[in-house]
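Just so you know, these numbers use all the heavy atoms, side chains as well, and skip hydrogens, waters and symmetry mates.
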Amino acid sequence: MKELAKTYDPKGMEDQIYKNWEEKGYFHAAVDRSKKPFTIVMPPPNITGQLHMGHALDNTMQDILIRYKRMQGYNALWQPGTDHAAISTEVKVIENLKSQGISKDELGREGFLEKCWEWRREYGGRIVKQLKKIGSSADWERERFTMDEGCSEAVEEVFVKLYEKGYIYKGEKIINWCPVCQTSISDAEVEYEDQHGHFWHINYPVAGEEGRFVQIATTRPETMLGDTALAVHPDDERYKDIVGKNVILPLVGREIPIVADEYVDMEFGTGVVKITPAHDPNDFEVGKRHDLPIINVLNDDATINENGGKYAGMDRYEARKLIVSELEEQGLLVKVEDHDHNVGTHDRCHTTVEPMVKPQWFVAMSELAKPAIAAIEKGELKFVPERFDKTYLHWLENIRDWCISRQLWWGHRIPAYYCDECGEIVVARSKDAPDVCPKCGCTHMHQDEDNLDTWFSSALWPFSTLGWPKSTEELDYFYPTDVLVTGYDIIFFWVVRMVFSGYEHTGKSPFHTVLIHGLIRDDQGRKMSKSLGNGIDPLEVIDKYGADALRLTLITGNAPGNDMRFYWERVENSRNFANKVWNASRFIMMHLEAFDGKDPGLDALYPEDRWILSLVNTVARDVTENMDKFELGIAVQKVYDFIWDEFCDWYIEIVKPRLYAKAEDPKSANAALWTLNTVLTNALKLLHPYMPFVTEAIFTSLHPEEESIMISDWPVYREDWHFAAEESELDHAKDLVRGMRNLRTDMDVPPSKKAKLFVTSAKADVRDIFEKVKHTYMGLAGATEVVVQEGDAGIPGDAVSFVIPDAVVYVPLEDLVDKAKETERLTKERDRLAKELARSKGMLSNEKFLSKAPAEKVAEEKEKQKKYESMMADVEARLAAMKN
RNA sequence: GGAACCGUAGCUCAGCCGGGAUGAGCGCUCGCCUCACACGCGAGAGGUCAGGAGUUCGAGCCUCCUCGGUUCCACCA
């Protein structure tokens, strides 16, 4: 047994412990058919990422589940890996190059990709190192990367398959375009921001009818350059006569038709909408219905293109200004109103997104979504907490096709090849990349320039990491996985896509449970963000208080799926708890040196020994239940309360006199030591998934013969450790000690002043109990001797006394009796009892309660009333005695 | 416009099947450096469970409404 320091200091110790675990190979899960698998795939952090509180929470939760299952004897695999993070990485590398004066185009595709790989080699492992700091017991030997050979193969396989089934298609569609990143982005990547804008009312002259105008309203006047129609509602009486006529597009001079379409809201604006199919998603749809031409007026960088005539080359906002002022000059601008609206922005760079018509690749979602929806109904997939299945279903039921092409270089390139001669498109795996056009036989084939959305590869993560499309042993054994742990913010991006991909490619849901957690906010409830500078670095927390303290803080005091605020005070409390466990263990180990190591047998145990054994047994059962329901916060709270309130504050205190008197009564001390050792060991095990480091440090000191707590067995409930009688006996003892403490406080009796204590009860069984446990309050209550005697509540005048159920205790303290204080105390007690009695009587005189409530409830209430009545009688008697 | 969540002690939050508010952490008051721990021990103070109505023998918990707050989705040119 090693000497332990006076305060727990996680620094240094944690790294050493982690290194040992890793070296021993405890994290590795090999296929072993004799054991049941339990699998979690880690949401792959971006290689550009720095560990933040979200990761810390996410990975702590997964680590807890994995450690728990591993201790239960499962073959627990936590499959880790990292994500190439297409746009994030590309932006980072470009910035990096910029500082060296190099541009992306200068390098060319090959050269740029080389730089990206270099960047990844240099920084890509950083996040993994940080994940290790919080104690993540992932199987790092199996670490994967979304762009490694296997994952890339899976991506191509899926693309080709979906293309062959007709789910992937190329189409001209209106997509969200980021003019700064110069790429398309998916709907999910668009973030709406409230912006103050204007509503410009503009008159469009009706063709051939001098002096007649149609008034429209728009928030983006520059797009009028691309107008190809006006639209009104078919039922709108105001405009019935002009449907079918033409108007002249101001500033441009083009004649465009007026069409009727139900999309128009008669109540809004003027009831006339300009239709710009190239630059508005709704207009695009209207354009399709009415077969309108599409005129794109913007370049990729959001400047006006050659279709914009004299405005060509101007930035979109410059052009807007000029167009408005020219309209004003021509008297066509009717009015300008202030107008607040939501503007779509790119979630990475916050540039206003420009809807554009571009040829892009899409995944048709309606068929693929069906099994993912059915999964919830069939119970093959469940969210914890359950309410998130509504979010999930709502999105799936309204799903749109997924735009998967991105105009980036870093990532998976689209496996499509075009013939320069005849335009033939071939979709093929890269090993089958065509050199010769299958149609015209020419050799001028070139690959699509675009890449796939990052989430395309992430969607395959649960099975691509296990070897799919190859049919590996791992895939067969560990797949489908069990639980996915993630934040609610990526249900759409990721969870949905993994589920439908799982069904499509493996025929199964990739996991049966999705455990959702919330966001960690700052102490004012704000999101932690770089721009606000309010982020708290988990590594700083670990450095100051240790990983265990951070983990405990993140898990407690928060319901699943809810956001939580981060307070340093709470971390401090968690650290204090680690220290409490440390010190309790230190105390126990000091005394264990005298332990003979023999199991004394349950019969040799004292009531308090059986009591704490019974409690730890119950706690093990309850904690297991909670963990199986993913109630991690509740589970650890129970362990915390048990260790601190019951084990430390009561049991260790009760047992001290026996330890100190081990020379006089070695048998008693031995029973206590056995109990201390056993209960502590079990408590440490229950705590280990949450606080792996302290528990390991203590465990290996306590049990030098054992390798690690990580691979020890999870405590299971034992019938022979259940002692109901002792639990109630100890309740009596605790009552008595509390009474005695109160008395001492009220009487200002110093702890050093010991006293003889008389317990009087008319009931034989109650006297029995006190007789059995009387030694337990010798130390705690400061008693020199305890006399249990038969009799009713007769208190000598020179004693102070207090009531506990079915008994009266008095202490002769001649020198210290203070009649006034004692009377006051008893009066308070009487008032409390009177209140209880009134409530109880009220309930028992309620006929409806008596007739309709379950019989045992009524009986219980009657019991209580009896008890109160007897206590009341005692108090009254003593009050009367005080008067004399 | 649709949806979800929240409103419990001064602050931040727990509260399982409806059955005495058993609450936790921090903060506060009082007393203790008691030979594991002052990162501690003991004793306290503090609550109309947002408001209203209903169901029930009984509601923090179920139903409806109102008020206040947060978030997600959709989006009107």
Check the pair A/Arg570 / A/Thr556 against side chain to side chain donor-acceptor pair (under 3.5 Å), numbers first and verdict last.
CA-CA 9 Å; A/Arg570 294 194 50 233; A/Thr556 46; 3.1 Å; yes
Under 4.0 Å: is that the gap between some side-chain N or O of [X] and OP1 or OP2 of [N]?
| X | N | value |
| --- | --- | --- |
| A/Trp644 | B/rC41 | yes |
| A/Asn562 | B/rC13 | no |
| A/His279 | B/rA77 | no |
| A/Asn576 | B/rC37 | no |
| A/Lys638 | B/rU22 | no |

For [N] and [M], measure between their [atom1] atoms and round to the nearest Å.
| N | M | atom1 | value |
| --- | --- | --- | --- |
| B/rU66 | B/rA4 | P | 15 Å |
| B/rA45 | B/rC65 | C1' | 37 Å |
| B/rU56 | B/rG47 | P | 33 Å |
| B/rU48 | B/rA21 | C1' | 13 Å |
| B/rG46 | B/rG27 | C1' | 11 Å |
| B/rG1 | B/rA14 | P | 30 Å |
| B/rG60 | B/rG7 | P | 14 Å |
| B/rG31 | B/rA38 | C1' | 14 Å |

Provide, to the nearest angstrom, the distance between the CH2 atom belonging to A/Trp200 and the P atom belonging to B/rA77.
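Taking CH2 of A/Trp200 and P of B/rA77, I get 12 Å after rounding.
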Is it the case that atom CD in A/Glu386 sees more than 12 heavy atoms from other parts of the structure closer than 6.0 Å?
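Count not over threshold, so no.
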Along RNA chain B (nearest heavy atom to each residue), the more 5'-positioned of A/Pro560 and A/Lys656:
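Result of the comparison: A/Pro560.
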Reference residue A/Arg316; test side chain to side chain donor-acceptor pair (under 3.5 Å); the match among A/His279, A/Glu354, A/Glu222
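The option that passes is A/Glu354.
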Determine which nucleotide pairs with B/rC26, using a 3.5 Å limit on both distances of a Watson-Crick or G-U wobble pair.
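Base-paired to B/rG10.
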Should B/rA36 form a Watson-Crick or G-U wobble pair with both distances under 3.5 Å, which nucleotide is its partner?
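Base-paired to nothing in any strand shown.
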What I want to check is whether an N or O donor and acceptor connect the side chain of A/Glu631 with the base of B/rA14 at under 3.5 Å.
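No.
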No-H, no-angle donor-acceptor pair, A/Arg575 side chain to B/rC39 base, under 3.5 Å:
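A donor-acceptor contact between them is present.
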Which nucleotide wins on minimum distance to the side chain of A/Thr219, given the candidates B/rC75, B/rA77, B/rA36?
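In terms of side-chain proximity for A/Thr219, the closest of B/rC75, B/rA77, B/rA36 is B/rA77.
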So if I take every side-chain heavy atom of A/Tyr192 and compare against B/rA77, B/rA74, B/rA4, which nucleotide ends up nearest?
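Selected nucleotide (nearest to the side chain): B/rA74.
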A/Tyr545, A/Tyr640, A/Trp582 screened by ring pair (Phe, Tyr, Trp, His ring centres under 6.0 Å) with A/Phe577, the one that passes
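Testing each of A/Tyr545, A/Tyr640, A/Trp582 against A/Phe577, the sole residue satisfying ring pair (Phe, Tyr, Trp, His ring centres under 6.0 Å) is A/Tyr640.
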Is the distance between the ring centroids of A/His394 and A/Tyr392 under 6.0 Å?
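No, the ring of A/His394 stays outside the 6.0 Å limit from the ring of A/Tyr392, centre to centre.
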